[in-house]
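All ligand and atom numbering here is 1-based and tracks the order in the structure. Throughout, residue positions are numbered sequentially from 1 according to the sequence presented. Everything numeric here is computed off the predicted structure, so don't read it as measured data.
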Amino acid sequence: MAVGEYKPGLEGIPATQSNISFIDGQQGLLEYRGIRIEELCRYSNFLETAYLLIFGELPTAKQFAAFVEDVNYRRRIKYRIRDMIKCFPESGQPMDALQSCIAALGMFYPLADLHDASFIYDATARLIAKMPTLVATFHLMRQGNDPVAPRDDLSYAANFLYMLNEKEPDPLAAHVFDVCLTLHAEHTVNASTFCALVTASTLTDPYTVLTSAIGTLSGPLHGGANEEVMRMLAEIGTIENVVPYLERKIKNKEKIMGFGHRIYKVKDPRANILQELAIKLFDRFGHDPYFDLAIELENQAAKYLAEKGIFPNVDFYSGLVYRKLGIPTDLFTPIFAIARTAGWLAHWKEQLADNRLFRPIQVYTGRHGVRYKPIGER
Ligand code: SDX
């Protein structure tokens, strides 16, 4: 077998074949099952988009109604999971809490037959349904409050905001949040999806697959960047500090959070949409001076980074939208996980359909023929 060339981070190396989503990094295009992300944001909603990603086609009205009902039915969490959340430290990282809960969930739904379509559908609907409830439950309980039960009369997005804030959201807020979920649902073989593929290829259960993916998403170079962007804007503080901050980071060869992408060498199309959503919220609910900092940072960063193909990515403006929706910063990445559950499950199903265990090789750089030396002689 021919040995391929080693590429750090597998840069440019195809790890799978997939027909779920497509990115053109030069044009700044993103398609889910061939449909441009801009069209899905304008005409669809997160649950319909999740159905499209997971089952391959937009649902008929009947199929969609059944999917919504199946998801709604599975929104509640068992009291044993709630009791487990009660034992988590108040200062615990929400992504750790989410990962622990998903791993625990698998104990209640043991692996059956991965070739059984009803097992796959049931696990899919359950994971899509429970992620928002788990995040909202952890948030209320870490404050010492009882969680609120999901409401089946509210949409997926509205219900999450309701469970989080204990009051029905403004329709515009619910719509904007729904679009954010669609924007974060899928993105080809990013680090957490690749991790999901590797775990899925061992034929373990879907709860374990998502536990792996959630852990990978939490890192600041991946899903954790949206929280880091808000910390960066707080550190910059004023418009006057933007250039000095940038110059210091560039000089120290430190990364600007929310900028750059392995595939996009132009501005992430999702950043453009999130920018528009932020403006819609500000027009309605009042301005956020952090937005002015972000715009200035983007304009100034272009002078240093544009020629390297480094522009804002999905994480640069998402935090500003969530902040205006009153969502705490440390829940930004868990929200990313709620949305990306659709993409992870779509890739899990696709991997199972033509599975081969992931087992790459390495370039060995170590020694050979070393003799064992007794401890007394070392
Ligand atoms: C997400 O993969 C996906 O699709 C992910 C995602 C999804 O939807 O799943 O899109 C979500 O994770 C978005 C990315 C969020 N992360 C951040 O915003 C963290 C900051 N970004 C960087 O860490 C970086 O841009 C990465 C990790 C996103 C991509 O980096 P690469 O492809 O590994 O590039 P690199 O680190 O090898 O950098 C190449 C050059 C270097 O300069 P030189 O050494 O060649 O001179 O570009 C520079 C880097 O220093 N560079 C940056 C930079 N990103 C790259 N310089 C300043 N600021 C940055 N953000």
Side-chain angles (χ1 to χ4, degrees), residues 7-16 18 20-26 28-32 37 40-41 49 53 95 180-197 213-233 236 242 245-274 294 297-298 300-320 332-347:
K7 298 286 279 180
L10 294 180
E11 181 159 7
I13 304 291
T16 187
S18 176
I20 297 170
S21 66
F22 172 75
I23 299 171
D24 180 328
Q26 302 304 324
L29 297 185
L30 172 58
E31 294 171 338
Y32 292 173
I37 189 69
L40 288 166
C41 289
T49 300
L53 289 166
M95 283 295 272
C180 288
L181 293 174
T182 296
L183 285 167
H184 287 83
E186 159 65 10
H187 212 239
T188 76
V189 202
N190 56 84
S192 56
T193 299
F194 178 54
C195 175
L197 287 176
I214 292 167
T216 306
L217 185 71
S218 62
L221 291 191
H222 188 16
N226 52 18
E227 297 181 24
E228 295 302 320
V229 168
M230 299 316 285
R231 291 189 188 100
M232 171 179 69
L233 295 177
I236 293 172
V242 167
Y245 175 88
L246 257 178
E247 288 177 341
R248 192 174 72 249
K249 296 297 267 188
I250 301 289
K251 183 167 156 286
N252 301 338
K253 288 192 77 66
E254 290 168 12
K255 302 279 175 58
I256 314 293
M257 289 291 117
F259 276 78
H261 199 277
R262 180 65 60 82
I263 311 295
Y264 289 123
K265 298 311 166 193
V266 294
K267 188 172 176 181
D268 188 327
R270 298 170 296 177
N272 287 318
I273 299 171
L274 283 159
L297 183 57
E298 178 178 356
Q300 295 298 336
K303 298 172 189 165
Y304 304 86
L305 299 172
E307 82 260 358
K308 294 174 86 171
I310 299 165
F311 294 89
N313 59 48
V314 67
D315 290 300
F316 189 59
Y317 288 105
S318 57
L320 288 160
F332 292 178
T333 309
I335 286 169
F336 197 147
I338 290 171
R340 191 52 59 89
T341 296
W344 292 331
L345 290 168
H347 284 276

>> Quick test: of every protein heavy atom, which one is nearest to atom 9 (O) of ligand 1, and how far off is it to 0.1 Å?
In response: Arg340 NH1, 2.7 Å
> Could you walk me through whether Lys251 and Glu247 pass the salt bridge (Lys or Arg N to Asp or Glu O under 4.0 Å) check?
Replying inline: CA-CA 6 Å; Lys251 183 167 156 286; Glu247 288 177 341; over 6 Å; no
> Quick one: which ligand 1 atoms are inside 4.0 Å of a heavy atom on Ala225?
Replying inline: 15 (C), 16 (N), 17 (C), 18 (O)
>> Are the side chains of Leu217 and Trp344 in contact, using a 4.5 Å heavy-atom criterion?
In response: yes
>> For His184, which part has a heavy atom under 4.0 Å from ligand 1: side chain, backbone, both, or neither?
In response: neither
> To the nearest 0.1 Å, how far is atom 27 (C) of ligand 1 from its closest protein heavy atom, and which atom is that?
Replying inline: Leu221 O, 4.1 Å
>> Could you check whether atom 53 (C) of ligand 1 has a protein contact, counting only heavy atoms that fall below 4.0 angstrom?
In response: yes
>> Please list, in number order, the atoms of ligand 1 under 4.0 Å from a heavy atom of Asn190.
In response: 2 (O), 3 (C), 4 (O), 5 (C), 9 (O)
> Who's the nearest protein heavy-atom neighbour of atom 44 (O) of ligand 1, and how far?
Replying inline: Lys253 NZ, 3.7 Å
>> Side chain or backbone, does Gly258 bring an N or O within less than 3.5 Å of an N or O on ligand 1?
In response: yes
> With backbone taken as N, CA, C and O and side chain as the heavy atoms from C-beta onward, which portion of Asp315 lies under 4.0 Å from ligand 1: side chain, backbone, both, or neither?
Replying inline: side chain
>> Looking at atom 39 (C) of ligand 1, tell me if a protein heavy atom falls under 4.0 Å from it.
In response: no
> If you measure from atom 55 (C) of ligand 1 to every heavy atom of His222, Lys255, Glu11, which option wins on shortest distance?
Replying inline: Lys255
> Asp24 side chain to Leu29 main-chain N or O, any donor-acceptor pair under 3.5 Å?
Replying inline: no
> Is there side-chain contact between Lys255 and Glu228, with heavy atoms separated by less than 4.5 Å?
Replying inline: no
>> If you scan the protein for heavy atoms around atom 12 (O) of ligand 1, do you find one that is closer than 4.0 Å?
In response: yes
> Any side-chain heavy atom of Lys249 sitting closer than 4.5 Å to one from Phe259?
Replying inline: no
>> Any protein heavy atom at under 4.0 Å, with atom 46 (O) of ligand 1 as the reference point?
In response: yes
> Nearest to atom 29 (C) of ligand 1 by heavy atom, Arg270, Met232, Arg262: which?
Replying inline: Arg262
> Backbone N or O of Pro312 within a donor-acceptor pair of the Tyr317 side chain at under 3.5 Å?
Replying inline: no
> Any idea which part of Ile256 is under 4.0 Å from ligand 1, heavy-atom wise: side chain, backbone, both or neither?
Replying inline: both
> Is Val314 in polar range of ligand 1, meaning some N or O pair under 3.5 Å apart?
Replying inline: no
>> By the definition side chain to side chain donor-acceptor pair (under 3.5 Å), identify the one residue from Glu186, His187, Glu31, His347 that meets it with Ser21.
In response: Glu186
> What's the verdict on side chain to side chain contact (heavy atoms under 4.5 Å, CB included) for Leu320 and Met230, showing C-alpha distance, side-chain angles and the deciding distance?
Replying inline: CA-CA 8 Å; Leu320 288 160; Met230 299 316 285; 4.0 Å; yes
> Which option, Gly224, Gly260, Gly343, owns the non-hydrogen atom nearest atom 28 (C) of ligand 1?
Replying inline: Gly260
> Can you tell which part of Ile310 has a heavy atom less than 4.0 Å from ligand 1: side chain, backbone, both or neither?
Replying inline: side chain
>> Does only the side chain of Lys249 get under 4.0 Å from ligand 1, or the backbone, or both, or neither? Count heavy atoms.
In response: neither
> What atoms of ligand 1 come closer than 4.0 angstrom to any heavy atom of Lys308?
Replying inline: 42 (O), 43 (P), 46 (O)
> Is there a donor-acceptor pair under 3.5 Å between the side chain of Thr333 and the backbone N or O of Gly223?
Replying inline: yes
> Just wondering, do Phe332 and Val229 contact through their side chains at under 4.5 Å, heavy atoms?
Replying inline: no
> Got the closest protein heavy atom to atom 4 (O) of ligand 1, with its distance?
Replying inline: His187 ND1, 2.6 Å
> So which of Phe316, Phe259, Tyr264, Phe336 gets nearest to atom 60 (N) of ligand 1, if we judge by its closest heavy atom?
Replying inline: Phe259
> At a non-hydrogen distance cut-off of under 4.0 Å, which region of Glu228 contacts ligand 1 (side chain, backbone, both, or neither)?
Replying inline: neither
> Between Thr188 and Ser18, is any pair of side-chain heavy atoms under 4.5 Å apart?
Replying inline: no
> atom 10 (O) of ligand 1: which of Lys265, His261, Glu186 has the nearest heavy atom?
Replying inline: His261
>> Can you confirm whether some protein heavy atom lies under 4.0 Å from atom 34 (O) of ligand 1, or whether none does?
In response: no
>> A side-chain contact here means heavy atoms from C-beta on lying under 4.5 Å apart; do His261 and Phe311 qualify?
In response: no
> Considering only heavy atoms from C-beta outward, does the side chain of Leu274 approach that of His184 to under 4.5 Å?
Replying inline: yes
>> Just so I know, are the side chains of Leu10 and Phe194 near enough to count as touching, which here means a heavy-atom distance under 4.5 Å?
In response: yes
